[in-house]
**Student:** 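Take a look at the following structure, please.
Values below: all heavy atoms of this structure, side chains included; hydrogens, waters and symmetry mates excluded.
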Amino acid sequence: QVQLVESGGGLVQAGGSLRLSCAASARTLSSGAMGWVRQAPGEEREIVAGVNLSYGNIYYADSVKGRFTISRDNAKNTVYLQMNSLKPEDTAVYYCAVASGIGGRPYYIPRRPNEYDYWGQGTQVTVSS
(Lines give C-alpha, C1' and ligand atoms only; values in the text may rest on other atoms or scores of the structure.)
Protein backbone atom coordinates (compact mmCIF):
# COMPACT_ATOMS: atom_id res chain seq x y z
CA GLN A 1 0.00 0.00 0.00
CA VAL A 2 1.34 3.40 -0.98
CA GLN A 3 0.80 6.27 1.41
CA LEU A 4 1.34 9.89 0.45
CA VAL A 5 1.17 12.89 2.76
CA GLU A 6 1.31 16.45 1.41
CA SER A 7 2.24 19.54 3.35
CA GLY A 8 3.26 23.11 2.73
CA GLY A 9 0.11 24.71 1.41
CA GLY A 10 -1.20 28.01 2.66
CA LEU A 11 -2.17 31.56 1.83
CA VAL A 12 0.25 33.72 -0.11
CA GLN A 13 0.06 36.98 -2.02
CA ALA A 14 0.43 37.06 -5.76
CA GLY A 15 4.08 36.96 -6.73
CA GLY A 16 4.99 34.96 -3.66
CA SER A 17 6.33 31.44 -3.27
CA LEU A 18 5.42 28.20 -1.56
CA ARG A 19 7.05 24.81 -1.41
CA LEU A 20 4.88 21.74 -1.21
CA SER A 21 6.20 18.45 0.10
CA CYS A 22 4.93 14.94 -0.49
CA ALA A 23 6.25 12.29 1.87
CA ALA A 24 5.86 8.82 0.46
CA SER A 25 5.92 5.43 2.12
CA ALA A 26 9.11 3.46 1.83
CA ARG A 27 10.13 2.19 -1.60
CA THR A 28 7.51 4.31 -3.37
CA LEU A 29 10.02 6.49 -5.14
CA SER A 30 11.79 3.78 -7.08
CA SER A 31 9.52 3.16 -10.04
CA GLY A 32 6.50 4.50 -11.83
CA ALA A 33 5.77 8.19 -11.95
CA MET A 34 4.81 10.81 -9.44
CA GLY A 35 2.80 13.87 -10.24
CA TRP A 36 1.48 17.01 -8.67
CA VAL A 37 -2.16 17.49 -9.56
CA ARG A 38 -4.32 20.47 -8.71
CA GLN A 39 -8.04 21.04 -8.67
CA ALA A 40 -9.63 24.44 -8.48
CA PRO A 41 -13.30 24.84 -7.47
CA GLY A 42 -15.54 23.84 -10.33
CA GLU A 43 -12.61 22.72 -12.45
CA GLU A 44 -11.23 19.37 -13.49
CA ARG A 45 -8.03 18.04 -12.02
CA GLU A 46 -4.92 19.20 -13.86
CA ILE A 47 -1.49 17.62 -13.88
CA VAL A 48 0.91 20.51 -13.28
CA ALA A 49 4.18 18.60 -12.91
CA GLY A 50 5.41 15.06 -12.94
CA VAL A 51 8.57 13.01 -12.74
CA ASN A 52 9.37 9.56 -14.02
CA LEU A 53 10.85 7.86 -10.98
CA SER A 54 13.04 5.46 -12.96
CA TYR A 55 14.48 7.82 -15.58
CA GLY A 56 14.17 11.19 -13.86
CA ASN A 57 12.63 13.06 -16.76
CA ILE A 58 10.18 15.79 -15.85
CA TYR A 59 6.98 17.24 -17.24
CA TYR A 60 5.44 20.66 -16.61
CA ALA A 61 2.12 21.96 -17.76
CA ASP A 62 2.38 25.09 -19.87
CA SER A 63 0.48 27.02 -17.21
CA VAL A 64 3.29 26.58 -14.68
CA LYS A 65 6.39 26.17 -16.83
CA GLY A 66 9.16 28.48 -15.70
CA ARG A 67 7.50 29.10 -12.34
CA PHE A 68 7.18 25.66 -10.72
CA THR A 69 9.94 23.13 -10.10
CA ILE A 70 9.48 19.50 -9.14
CA SER A 71 12.30 17.74 -7.33
CA ARG A 72 12.85 14.74 -5.11
CA ASP A 73 14.97 13.58 -2.24
CA ASN A 74 15.23 9.82 -2.47
CA ALA A 75 16.85 9.52 0.94
CA LYS A 76 13.76 11.13 2.49
CA ASN A 77 11.24 9.50 0.13
CA THR A 78 9.94 12.98 -0.54
CA VAL A 79 8.97 14.90 -3.66
CA TYR A 80 8.72 18.68 -3.65
CA LEU A 81 6.96 21.29 -5.73
CA GLN A 82 8.58 24.69 -5.52
CA MET A 83 6.09 27.29 -6.69
CA ASN A 84 7.35 30.77 -7.50
CA SER A 85 5.68 33.84 -8.97
CA LEU A 86 2.33 32.54 -7.83
CA LYS A 87 -0.80 33.88 -9.44
CA PRO A 88 -4.41 33.94 -8.20
CA GLU A 89 -5.26 31.35 -10.85
CA ASP A 90 -2.89 28.93 -9.11
CA THR A 91 -5.38 28.73 -6.24
CA ALA A 92 -6.42 25.10 -5.87
CA VAL A 93 -6.11 21.98 -3.79
CA TYR A 94 -2.81 20.36 -4.69
CA TYR A 95 -2.40 16.60 -4.56
CA CYS A 96 0.58 14.40 -5.06
CA ALA A 97 -0.14 11.14 -6.78
CA VAL A 98 1.67 8.03 -7.92
CA ALA A 99 1.15 6.10 -11.11
CA SER A 100 2.47 2.62 -10.46
CA GLY A 101 1.31 0.89 -13.62
CA ILE A 102 3.51 2.39 -16.31
CA GLY A 103 5.75 -0.63 -16.82
CA GLY A 104 7.13 -1.08 -20.30
CA ARG A 105 6.91 2.62 -21.15
CA PRO A 106 10.30 4.21 -20.52
CA TYR A 107 10.26 7.91 -19.66
CA TYR A 108 6.45 7.93 -19.51
CA ILE A 109 4.75 10.50 -17.30
CA PRO A 110 0.97 10.22 -17.25
CA ARG A 111 -0.92 13.36 -18.23
CA ARG A 112 -4.39 12.25 -17.15
CA PRO A 113 -5.45 12.12 -13.48
CA ASN A 114 -7.12 8.73 -13.96
CA GLU A 115 -3.74 7.20 -14.75
CA TYR A 116 -2.64 7.82 -11.16
CA ASP A 117 -3.68 5.17 -8.69
CA TYR A 118 -2.44 6.48 -5.33
CA TRP A 119 -3.29 9.91 -3.98
CA GLY A 120 -2.47 12.04 -1.00
CA GLN A 121 -5.12 13.93 0.95
CA GLY A 122 -4.35 17.26 -0.73
CA THR A 123 -3.18 20.62 0.55
CA GLN A 124 -4.87 23.95 -0.11
CA VAL A 125 -2.97 26.71 -1.87
CA THR A 126 -4.63 30.12 -1.96
CA VAL A 127 -3.07 33.03 -3.82
CA SER A 128 -4.55 36.44 -3.11
CA SER A 129 -4.41 39.30 -5.59
Side-chain angles (χ1 to χ4, degrees):
Q1 183 72 13
V2 176
Q3 293 183 333
L4 305 169
V5 179
E6 302 100 334
S7 60
L11 173 64
V12 64
Q13 289 187 333
S17 298
L18 284 173
R19 189 177 79 156
L20 306 183
S21 299
C22 176
S25 55
R27 300 177 58 190
T28 296
L29 300 187
S30 59
S31 63
M34 179 170 278
W36 283 98
V37 183
R38 69 184 180 188
Q39 186 168 26
E43 302 289 334
E44 295 185 351
R45 291 187 175 184
E46 174 192 20
I47 310 297
V48 297
V51 57
N52 183 292
L53 297 172
S54 297
Y55 293 90
N57 55 297
I58 288 171
Y59 161 80
Y60 294 106
D62 288 343
S63 56
V64 306
K65 200 171 293 183
R67 300 188 297 123
F68 289 12
T69 302
I70 188 171
S71 63
R72 59 175 168 163
D73 184 334
N74 289 342
K76 296 181 179 179
N77 286 320
T78 300
V79 173
Y80 304 97
L81 186 68
Q82 178 67 43
M83 306 185 295
N84 298 330
S85 303
L86 283 162
K87 305 175 182 179
E89 51 264 43
D90 294 319
T91 295
V93 177
Y94 284 72
Y95 302 87
C96 65
V98 167
S100 60
I102 64 169
R105 290 177 285 181
Y107 303 101
Y108 185 62
I109 300 173
R111 304 291 200 269
R112 295 172 295 180
N114 62 5
E115 295 183 271
Y116 291 83
D117 42 9
Y118 297 100
W119 293 78
Q121 82 285 356
T123 185
Q124 176 70 46
V125 171
T126 303
V127 184
S128 63
S129 57

**Student:** Under 3.5 Å, is there a donor-acceptor pair between the S100 and D117 side chains?
**Tutor:**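 Yes, side-chain donor-acceptor contact under 3.5 Å.
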**Student:** Quick check against the 3.5 Å criterion: does S25 have a side-chain atom that pairs as donor or acceptor with the backbone of Q3?
**Tutor:**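 Flag set: sc S25 to bb Q3 pair under 3.5 Å.
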**Student:** Does Y107 offer a backbone N or O that forms a donor-acceptor pair with the side chain of N57 under 3.5 Å?
**Tutor:**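 Confirmed, N57 side chain pairs with Y107 backbone.
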**Student:** Could you grab the distance from atom OH of Y108 to atom CD1 of I102, nearest 0.5 Å is fine?
**Tutor:**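 It comes to 8.0 Å.
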**Student:** Working to the nearest 0.5 angstrom, can you tell me the gap between E6 CD and C22 SG?
**Tutor:**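 Spacing of CD (E6) from SG (C22) equals 5.5 Å.
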**Student:** Answer yes or no on whether R111 is positioned over the face of Y59, meaning its NZ or CZ is under 6.0 Å from the six-membered ring centre and within 45° of the axis.
**Tutor:**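 Here R111 passes the 6.0 Å and 45° test against Y59.
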**Student:** Would you name the heavy atoms of E43 and Q39 that are closest together and state the gap between them?
**Tutor:**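 Between these two residues, the closest heavy atoms are O-NE2, 3.2 Å.
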**Student:** Under a plain distance cut-off of 3.5 Å, with no hydrogens placed, do R19 and Q82 share a side-chain donor-acceptor pair?
**Tutor:**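 There is no such pair between these side chains.
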**Student:** Under the rule for ring pair (Phe, Tyr, Trp, His ring centres under 6.0 Å), what residues qualify as partners of Y95, not counting sequence neighbours?
**Tutor:**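 If we apply the ring pair (Phe, Tyr, Trp, His ring centres under 6.0 Å) test to Y95, skipping adjacent residues, the hits are W119.
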**Student:** Specify the closest pair of heavy atoms between S85 and S17, including all atoms of both residues, with the distance to one decimal.
**Tutor:**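 Heavy atoms only, the tightest pair is N-OG, 4.3 Å.
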**Student:** Side chain to side chain contact (heavy atoms under 4.5 Å, CB included) for I70 and V79? Distances and angles first, verdict last.
**Tutor:** CA-CA 7 Å; I70 188 171; V79 173; 3.8 Å; yes
**Student:** Where the side chain of R72 meets the backbone of V51, is there a donor-acceptor pair that is under 3.5 Å apart?
**Tutor:**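 No, R72 side chain to V51 backbone: no donor-acceptor pair under 3.5 Å.
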**Student:** Taking only residues two or more places apart in sequence, or in another chain, which ones meet K87 in a salt bridge (charged side-chain N to carboxylate O under 4.0 Å, His left out)?
**Tutor:**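 Result, salt bridge (charged side-chain N to carboxylate O under 4.0 Å, His left out) vs K87: none returned.
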**Student:** Is it the case that E46 and S63 place a side-chain donor and acceptor less than 3.5 Å from each other?
**Tutor:**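 Their side chains do contain a donor-acceptor pair, which is all the 3.5 Å distance test asks for.
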**Student:** Using only atom types and a distance under 3.5 Å, with no angle test, would you say the side chain of T123 pairs donor to acceptor with the backbone of G9?
**Tutor:**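 Judged by distance alone, yes, a pair lies under 3.5 Å.
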**Student:** Do any pairs count as a salt bridge (Lys or Arg N to Asp or Glu O under 4.0 Å) and have a residue in residues 88-98, sequence neighbours left out, and if so which ones?
**Tutor:**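 Of all non-adjacent pairs touching residues 88-98, those that pass salt bridge (Lys or Arg N to Asp or Glu O under 4.0 Å) are R38-D90, R67-D90.
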**Student:** Measure the shortest side-chain to side-chain distance between P113 and I47 over non-hydrogen atoms and say whether it is less than 4.5 angstrom.
**Tutor:**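 Yes, close enough: below the 4.5 Å cut-off.
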